[in-house]
**Q** 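Sharing a structure here in structure tokens format.
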There are 2 protein chains.
Amino acid sequence: MQRPEPEPQSFDRVLSSMCTEPHPDARAAAERFLAANPGDPATYETVAALEERAVERLATLADHPTPSDAAGYVTSGGTEANVQAVRSARNRHDGGRDDRGVNVVAPESAHFSFTKAAELLDVELRTVPVDDDYRADTDAVAAAVDDVTALVVGVAGTTEYGRVDPIPELAAIAAEAGARLHVDAAWGGFVLPFTDHDWSFADAAVDTLTIDPHKFGQAPVPAGGLLAREDAALDALAVDTPYLESRSQATLTGTRSGAGVAGAVAAMDALWPDGYREAAERAADHADWLAAELADRGYDVVEPELPLVAAAVPESEFAALRDAGWKVSRTGAGELRVVCMPHVTRSTLRAFLDDLDRIRG
Amino acid sequence: MQRPEPEPQSFDRVLSSMCTEPHPDARAAAERFLAANPGDPATYETVAALEERAVERLATLADHPTPSDAAGYVTSGGTEANVQAVRSARNRHDGGRDDRGVNVVAPESAHFSFTKAAELLDVELRTVPVDDDYRADTDAVAAAVDDVTALVVGVAGTTEYGRVDPIPELAAIAAEAGARLHVDAAWGGFVLPFTDHDWSFADAAVDTLTIDPHKFGQAPVPAGGLLAREDAALDALAVDTPYLESRSQATLTGTRSGAGVAGAVAAMDALWPDGYREAAERAADHADWLAAELADRGYDVVEPELPLVAAAVPESEFAALRDAGWKVSRTGAGELRVVCMPHVTRSTLRAFLDDLDRIRG
């Protein structure tokens with residue numbers, strides 16, 4: 001007897017995810033490359049060439065001075081990119097006094113992948129407070145760095161509140177301390193080019209940067225992105241690769257997804273720049289609208305900066321929204337968090353508010 | 001003007017890869033789940049349930065005593081699974097004397113992902129020689145372990161020669177040293193159930209095991225597998241996950257591929273056990289036939305144990321085969337290496353030998 005085919009959930013009620021429905025071209029490209037492995041470029045040459053194109057496109061978005069020979073690769077996601085940035089900085093740091101290992105300084109708003117990276121890589125993670133508007137407190141960062149700081153992390157689009165840290169100031173602090181600067185723009189990177197925020201290789205002395213096609217870039221999973229200003233950042237990650245007819249491998253994973261690479265290229269070919277600009281503007285409108293609607297209902301709302309809304313909704317109402325089938329999540333402080341991804345429409349948000357109003361009674 | 005769609009290479013001349021053409025059901029399932037993220041189970045519930053099924057199926061293949069509650073997850077590939085096994089053993093080891101970190105003992109035949117793991121995790125990798133038949137030399141392993149050995153690695157299907165290490169003997173050495181035992185069956189895991197090798201949870205005191213659906217399991221990329229005898233092995237990897245409505249995350253990556261999970265389940269549903277048995281027997285026949293043909297031509301051939309043939313083909317002939325479009329690779333010792341994956345047919349191998357004969361003149 002045939003078992004019924006499992007079907008994925010629709011994105012209709014997904015307000016909690018930083019992933020989204022892929023662009024149709026990206027989906028089609030991914031389907032063609034489901035069996036290719038960019039981790040073995042001497043065998044899978046077509047997808048290896050596509051990866052070069054993906055890196056050049058990403059480097060263009062992130063204002064790399066020479067996108068056509070930017071260093072980088074398509075990662076499994078933001079976590080791999082962040083882990084690799086920490087690993088590269090650790091490996092490149094010239095070592096501390098005595099036997100102390102290196103440390104990484106990041107705002108408490110940084111994604112939990114930095115906690116994972118520190119545990120994995122056996123480096124100390126020094127998290128410092130954010131200011132009243134949830135951005136890295138530069139005084140606290142300056143106080144936390146020392147001569148064994150390998151990396152300072154700035155976030156351009158925080159996971160909880162969509163905030164952009166003061167990247168040029170963080171770069172200056174890092175430079176002063178002899179540390180490198182990593183920008184985590186995993187989620188923000190496809191929105192920020194259409195804002196006046198400082199976040200890119202052109203805006204500051206950024207060494208490495210995370211920017212994920214499978215988030216606002218509308219590529220299928222898995223397609224994250226790691227970029228570096230200089231080849232040396234990736235060279236510091238390379239291990240030898242016997243049995244592959246290629247010299248070495250700088251990636252964290254071995255076999256990698258051809259679908260992710262091909263999907264990322266197709267999404268960027270279809271949407272950069274106008275499609276992404278329109279998506280970013282629409283999402284910003286939705287976020288502003290939702291924030292105003294929630295404020296009108298008396299909730300404390302964190303003013304959106306990028307298209308992400310947080311509001312202090314009581315636990316009982318949050319639970320009732322989950323029970324009603326809404327995929328929503330919470331900040332560490334317990335606020336409801338709605339990510340206005342490209343699949344989130346005004347009518348979705350109206351339906352969401354209708355349910356909230358019904359729950360409030 | 002429309003740019004021509006890039007097309008993936010066919011598998012017709014791919015003899016170097018441990019990946020293969022996915023089963024049609026697996027491809028279809030992967031296409032449906034290209035936008036789902038098993039790394040966020042509270043949002044993507046359907047794929048989270050599929051992952052439980054994948055782990056149960058894998059645990060059945062690997063003779064876990066209780067497959068329905070085996071610990072494990074679908075990784076990005078064998079590298080992630082091996083890295084995580086080393087990380088888990090490092091984190092679970094109760095620490096060594098003085099300030100010495102822990103070490104990992106592995107045969108020199110182990111995959112380069114263990115070199116990557118050691119560099120990443122800042123543990124010492126002690127590689128020991130193999131015996132005359134390319135299997136871990138148990139005397140050398142016993143001599144290399146000490147009281148800060150966290151893990152002994154055995155390979156069940158080596159990348160270069162397809163050899164199966166003496167797993168029960170390695171388990172005994174590990175137990176004696178207070179270390180854990182990891183079996184890397186990334187490539188061999190879907191063939192070994194149809195052989196009389198000792199490799200599984202039932203055959204020895206194996207703590208963790210790598211077994212990749214996207215290799216001989218005929219699932220699309222990315223679908224690796226990590227299994228553990230006990231939950232504690234995964235618990236040792238968990239970090240807290242704010243903003244996700246789930247408690248913690250034990251995976252190396254964050255966002256993960258729903259396509260990989262759904263594809264792996266569909267492949268195993270379609271092929272376990274008869275389809276895999278037939279594929280394993282066909283591949284073994286092809287490997288034996290190719291080995292005999294190469295020996296007839298006067299090459300030194302390493303007798304196949306699992307369906308992988310290595311033969312001492314001169315560099316000039318190897319280069320001419322690559323130039324003729326054959327995707328072949330070499331062992332560290334420079335031998336030609338042909339992996340008889342499910343897409344490799346007898347007629348492919350005949351065409352390959354025809355080209356080789358032409359090259360030899």
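Per chain, numbering begins at 1; letters A, B, ... match sequence-line order.
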**Q** Give, as side chain, backbone, both or neither, the part of A:R87 having an atom under 4.5 angstrom from any heavy atom of chain B.
**A** side chain
**Q** Heavy-atom distance under 4.5 Å to chain A: side chain of B:T43, backbone, both or neither?
**A** both
**Q** Examine whether an atom of B:L15 lies under 4.5 Å from a heavy atom of chain A, and if so say whether it belongs to the side chain, the backbone or both; otherwise answer neither.
**A** neither
**Q** Heavy-atom pairs under 4.5 Å with chain B are the metric here; pick the option from A:R27, A:E45, A:K116 that has the most.
**A** A:K116
**Q** Is any side-chain heavy atom of A:Y134 closer than 4.5 Å to a side-chain heavy atom of A:E160?
**A** no
**Q** Would you please say whether a donor-acceptor pair under 3.5 Å links the side chains of A:Y73 and A:Q249?
**A** no
**Q** For chain B, which candidate among A:L121, A:D122, A:T255, A:L120 shows the most heavy-atom pairs at distances under 4.5 Å?
**A** A:L120
**Q** Given a strict heavy-atom distance threshold of 4.5 Å, which part of B:A28 is in contact with chain A: side chain, backbone, both, or neither?
**A** neither
**Q** Compare all side-chain heavy atoms of A:R32 with those of B:P6 and state whether any distance is below 4.5 angstrom.
**A** yes
**Q** Rounded to the nearest 0.5 Å, what's the gap from CG on B:N82 to CZ on B:F112? Could you check?
**A** 10.5 Å
**Q** Relative to chain B, which segment of A:S76 carries a heavy atom at a distance below 4.5 Å: side chain, backbone, both, or neither?
**A** both
**Q** To the nearest 0.5 Å, what is the distance between CE on A:M341 and OG on A:S17?
**A** 6.5 Å
**Q** Quick one, A:D269 and A:R57 - any side-chain contact, counting heavy atoms below 4.5 Å?
**A** yes
**Q** Heavy-atom cut-off 4.5 Å, strictly under: side chain, backbone, both or neither for A:D212 against chain B?
**A** neither
**Q** Below 4.5 Å from any heavy atom of chain B, which atoms of A:R13 appear? Answer side chain, backbone, both or neither.
**A** neither
**Q** Determine the sole option in A:Q218, A:K215, A:H214 for which the side-chain contact (heavy atoms from CB on, under 4.5 Å) test with A:T20 is passed.
**A** A:Q218
**Q** Hydrogens and angles aside, do B:R337 and B:S329 bring a side-chain donor and acceptor to less than 3.5 Å of each other?
**A** yes
**Q** Are the side chain of B:T158 and the backbone N or O of B:R163 linked by a donor-acceptor pair below 3.5 Å?
**A** yes
**Q** By a 4.5 Å heavy-atom criterion (distance strictly below it), what part of A:T241 contacts chain B: side chain, backbone, both, or neither?
**A** both
**Q** Could you check which of A:A259, A:P242, A:G77 has the highest count of heavy-atom pairs closer than 4.5 Å to chain B?
**A** A:P242
**Q** Got B:Y44 and B:P38 here, is their nearest side-chain heavy-atom distance under 4.5 Å?
**A** no
**Q** Select one option (side chain, backbone, both, neither) describing which atoms of A:V221 are under 4.5 Å from chain B's heavy atoms.
**A** both
**Q** Quick one: does B:M18's side chain get under 4.5 Å of A:N37's, heavy atoms only?
**A** no
**Q** Measuring heavy-atom distances to chain B, does A:T251 have an atom under 4.5 Å in its side chain, in its backbone, in both, or in neither?
**A** both
**Q** Side chain to side chain contact (heavy atoms under 4.5 Å, CB included) for B:T46 and B:F33? Distances and angles first, verdict last.
**A** CA-CA 10 Å; B:T46 312; B:F33 283 86; 4.2 Å; yes
**Q** Select one option (side chain, backbone, both, neither) describing which atoms of B:V328 are under 4.5 Å from chain A's heavy atoms.
**A** backbone
**Q** For A:H111, which atoms come within 4.5 Å of any heavy atom of chain B: side chain, backbone, both, or neither?
**A** both
**Q** Select, from A:E119, A:E80, A:R322, the one with the greatest count of heavy-atom pairs under 4.5 Å involving chain B.
**A** A:E119
**Q** Shorter than 4.5 Å, heavy atoms on both sides: which option in A:D40, A:V14, A:T159 has the most such pairs with chain B?
**A** A:T159
**Q** Given the options A:A42, A:G332, A:G224, which has more heavy-atom pairs under 4.5 Å with chain B than any of the others?
**A** A:A42
**Q** Where on A:A262 is there a heavy atom nearer than 4.5 Å to chain B: the side chain, the backbone, both, or neither?
**A** neither
